[in-house]
There are 2 protein chains.
Amino acid sequence: MEPKIEEKLLLKNIKPTPMRQLVYRMLTQEETALSLSELESKFDKVDKATLYRTLKTFEAHQLIHSIDDGSGSIRYALCDEDCTCRPEQLHLHFVCKICQKTYCLKEKPIPQPDLLDGFTYESANFIVKGVCPSCQK
Amino acid sequence: MEPKIEEKLLLKNIKPTPMRQLVYRMLTQEETALSLSELESKFDKVDKATLYRTLKTFEAHQLIHSIDDGSGSIRYALCDEDCTCRPEQLHLHFVCKICQKTYCLKEKPIPQPDLLDGFTYESANFIVKGVCPSCQK
DNA sequence: ATTTCTTTGCAACTCGGTTGCATCCCAAAT
DNA sequence: ATTTGGGATGCAACCGAGTTGCAAAGAAAT
């Protein structure tokens, strides 16, 4: 499982430093999108600034995507293998009002919005709030 | 035009103090949603904390609604007369990538999202990014 | 081995949002 | 008319997430 991480980074033209491999591994272990601080607290000890820059690098190379779920902080989740972060590939995000977790619903594409004349569409962010399966009943 | 402000506030059970009337009037003059800081800068001199609490009061009484457009700061815009901020009444918001303004597309309802089993729908936030009419050339 | 560029870690700073607290205002009670 | 009580206001201080500067450490190129 592990030997591949280095290659995943290389595939996206990211130099696979130990730090980056560590962060990548951590991200693969999460089923929900994490904020910088949440991610920080998953480690015994990391520098927030380094983590921050690592995430920025990952995002710039489309290894992860960021989600603004309205909580006030941005969350990050791994992109799919073939993701190019283009509008057609954008998916819904779901925020549970109980556990506050942010889920990527990768199989649920964002519907093409119906806009008024004069507005052009480039990208979108569709956040749904409700209760997630693990918090039901 | 002006004599009505007091009544609009009373209608929502908000004590119509001079400060609140002033803020309300300012909001009616905007066609886009404003953040706390943006609103602050529209006045010669206001206290940020008072403005903050005024907005919170307005929001709690459903006179305005807040939008997290992904810019990092929350923006506020007046609700429609009959708005109860219920999911069925939610509308799209549009952020212009050029002028950065956030428009309320009140006549464009948020489509009912198609969710996975186990996820319940309570509310949603649909932000569309692109270029607004005034920035089209 | 030396130079050069990148990455990392620490500290410090920014900025929006938020809170504590004293004061002010107004309305109800006396 | 005066007192009293609760909300509204203004100022200052705080908070936390994000961000930047800078110097040390590491890796790559010469």
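Reminder, nothing fancy here: chain letters follow the sequence lines and each chain counts from 1.
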Quick check on side chain to side chain donor-acceptor pair (under 3.5 Å): which of K106(A), K129(A), H65(A) does H93(A) satisfy it with?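 That would be H65(A).
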
In Å and rounded to the nearest 0.5 Å, what is the [atom1] to [atom2] distance from [X] to [Y]?
{"X": "L90(B)", "Y": "S123(B)", "atom1": "CG", "atom2": "OG", "result": "6.5 Å"}
{"X": "T102(B)", "Y": "I74(B)", "atom1": "OG1", "atom2": "CD1", "result": "12.0 Å"}
{"X": "E40(A)", "Y": "L34(A)", "atom1": "CD", "atom2": "CG", "result": "12.0 Å"}
{"X": "L9(B)", "Y": "E7(B)", "atom1": "CG", "atom2": "CD", "result": "10.0 Å"}

Residue pairs involving residues 57-73 of chain A (criterion salt bridge (charged side-chain N to carboxylate O under 4.0 Å, His left out); sequence neighbours excluded):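 Non-adjacent pairs meeting salt bridge (charged side-chain N to carboxylate O under 4.0 Å, His left out): D69(A)-R75(A).
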
Please produce a list of atom pairs where a protein N or O lies less than 3.5 Å from an N or O of nucleotides 10-15 of chain C.
residue, atom, partner, partner atom, Å
dC10(C), OP2, K45(A), NZ, 3.4

Can you see if the side chain of Y52(A) gets near the phosphate of dG18(D) - specifically, an N or O under 4.0 Å from OP1 or OP2?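 Looking at the OP1 and OP2 atoms of dG18(D), neither is under 4.0 Å from any side-chain N or O of Y52(A).
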
Calculate the interatomic distance between [X] atom [atom1] and [N] atom [atom2]; express it in whole Å.
{"X": "L34(A)", "N": "dG18(D)", "atom1": "CG", "atom2": "C1'", "result": "17 Å"}
{"X": "L36(A)", "N": "dT19(D)", "atom1": "CG", "atom2": "P", "result": "9 Å"}
{"X": "L51(B)", "N": "dC11(D)", "atom1": "CG", "atom2": "C1'", "result": "15 Å"}
{"X": "E38(B)", "N": "dG17(C)", "atom1": "CD", "atom2": "C1'", "result": "15 Å"}
{"X": "Y24(A)", "N": "dT7(C)", "atom1": "OH", "atom2": "P", "result": "18 Å"}
{"X": "K15(B)", "N": "dG5(D)", "atom1": "NZ", "atom2": "C1'", "result": "11 Å"}
{"X": "N13(B)", "N": "dA8(D)", "atom1": "CG", "atom2": "C1'", "result": "17 Å"}
{"X": "M19(B)", "N": "dG7(D)", "atom1": "CE", "atom2": "P", "result": "19 Å"}

With nearest nucleotides of DNA chain C determined for Y76(B) and T17(A) from heavy-atom distances, which residue corresponds to the more 5′ nucleotide?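 Per heavy-atom nearest nucleotide, the more 5' residue is T17(A).
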
Hydrophobic cluster identity match, Y103(A) and I127(A), side-chain contacts under 4.5 Å: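 Unlinked, Y103(A) and I127(A) end up in two clusters.
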
Find out if a path of hydrophobic residues (ILVMFWY) with successive side-chain heavy-atom gaps under 4.5 Å connects I5(B) to V46(B).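 Shared cluster, yes.
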
Quick check: on DNA chain D, is the nucleotide nearest R20(B) upstream (toward 5') of the one nearest K56(A), or the reverse? Name the residue that is more 5'.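 Nearest-nucleotide comparison on DNA chain D picks R20(B).
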
Under 4.0 Å between a side-chain nitrogen and a carboxylate oxygen: does that hold for K101(B) and E31(B)?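 No salt bridge links K101(B) with E31(B).
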
Within residues 60-68 of chain B: residues closer than 4.0 Å to DNA chain C (heavy atoms):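 By residue number: none to list.
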
